[in-house]
Each structure stands twice: as C-alpha cells, then as structure tokens.
Amino acid sequence: MSQGNCLVIDALATDSQLQSARDALLCGARVVFESSLVLNACKHYLECHLVDTEGATHRCEREYEVLVENARRMLESSRFGSMLPEQPRRWLAAVTGPPR
C-alpha cells in the first residue's frame, strides 16, 4: 500500500510486496514497516525511525533505548529485514501523539 511518497507494509505482506518495498527503499522512497518503523535509505547507512505514538507519556532515556532495541530485533527477525542490504543502521526515536 502506498501513502504519499511512503510505501506501507507489514509482516503479512507477500514476498513480492516485500521485494517491491525493498526496491522502492533503495530507490529513495520511505518505507513504513509495521506502522511504527519508518525506513529511509541514505548513501552510507539505513535510517530507521521508530515512531512512538504515546507522545503524551513521559519516557526516560532508558525506555527509549528499550523501544529502539525491540524495534531493531523485530526488523532483524522479520522476512523484510532479511531482504535489506547489509549496511550500518542509524536508529532514531520520533515522539508523536494525538493532537491536543
């Protein structure tokens, strides 16, 4: 599924859909995986943005480290993660929340 310039996929995607998402990512499109991880291919690394939708919740630095580690493990253990190129990954946590 496409949303603007992002391709949205999840673990239920077919191998063909996952391959299309990988190809799109490598051609400059952003890919949203499992609705909380936005991937963007840069020249020398893969940028991985974890989107935390609990913006109203105060989290300490350690909690964000755990969220990022869980997202990293989820991606690495997924079929999509196994299709991604072997290159360094830069992990970022982005906090969003419902409009006030």
Under the ring pair (Phe, Tyr, Trp, His ring centres under 6.0 Å) rule, what pairs show up with a residue in residues 17-40, not counting sequence neighbours?
->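 Counting only pairs at least two positions apart or across chains, the ring pair (Phe, Tyr, Trp, His ring centres under 6.0 Å) contacts touching residues 17-40 are Phe33-Phe80.
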Taking side-chain contact (heavy atoms from CB on, under 4.5 Å) as the test, write out the residues that go with Ala41, two or more places apart.
-> Leu25, Leu46
Could you tell me which residues satisfy side-chain contact (heavy atoms from CB on, under 4.5 Å) with Thr14, sequence neighbours excluded, listed by chain and number?
->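 Thr14 satisfies side-chain contact (heavy atoms from CB on, under 4.5 Å) with Ser16, Gln17 only.
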Roughly how far apart are Arg62 CZ and Leu67 CG, rounded to 0.5 Å?
->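 Going from CZ on Arg62 over to CG on Leu67, the span is 10.5 Å.
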Value rounded to 0.5 Å, distance of CD1 in Ile9 from OG in Ser78 =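 That separation rounds to 8.0 Å.
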Identify the two heavy atoms, one from Leu7 and one from Ala24, that lie closest to each other, and give their separation to 0.1 Å.
->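 What the structure gives for the nearest pair is CD2-CB, 4.2 Å.
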Cys6 versus Val32, closest heavy-atom pair with distance =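 Result for this residue pair: CB-CG2, 4.2 Å.
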State, yes or no, whether a side-chain contact exists between [X] and [Y] at a heavy-atom distance under 4.5 Å.
X	Y	answer
Leu39	Leu75	yes
Cys48	Leu37	yes
Asp52	Tyr64	yes

Contact list for residues 17-27, test salt bridge (Lys or Arg N to Asp or Glu O under 4.0 Å), sequence neighbours left out =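 Pairs touching residues 17-27 that pass the test: none.
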Can you give the donor-acceptor pairs under 3.5 Å from side chains of residues 81-95 to other protein atoms, not counting sequence neighbours?
| residue | atom | partner | partner atom | Å |
| --- | --- | --- | --- | --- |
| Ser82 | OG | Arg79 | O | 2.6 |
| Gln87 | NE2 | Tyr45 | O | 3.3 |
| Arg90 | NH1 | Glu47 | OE2 | 3.3 |

List for me each residue that meets side chain to side chain donor-acceptor pair (under 3.5 Å) alongside Glu76, sequence neighbours excluded, and say none if there are none.
->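 For Glu76, the residues satisfying side chain to side chain donor-acceptor pair (under 3.5 Å) (neighbours in sequence not counted) are Arg72.
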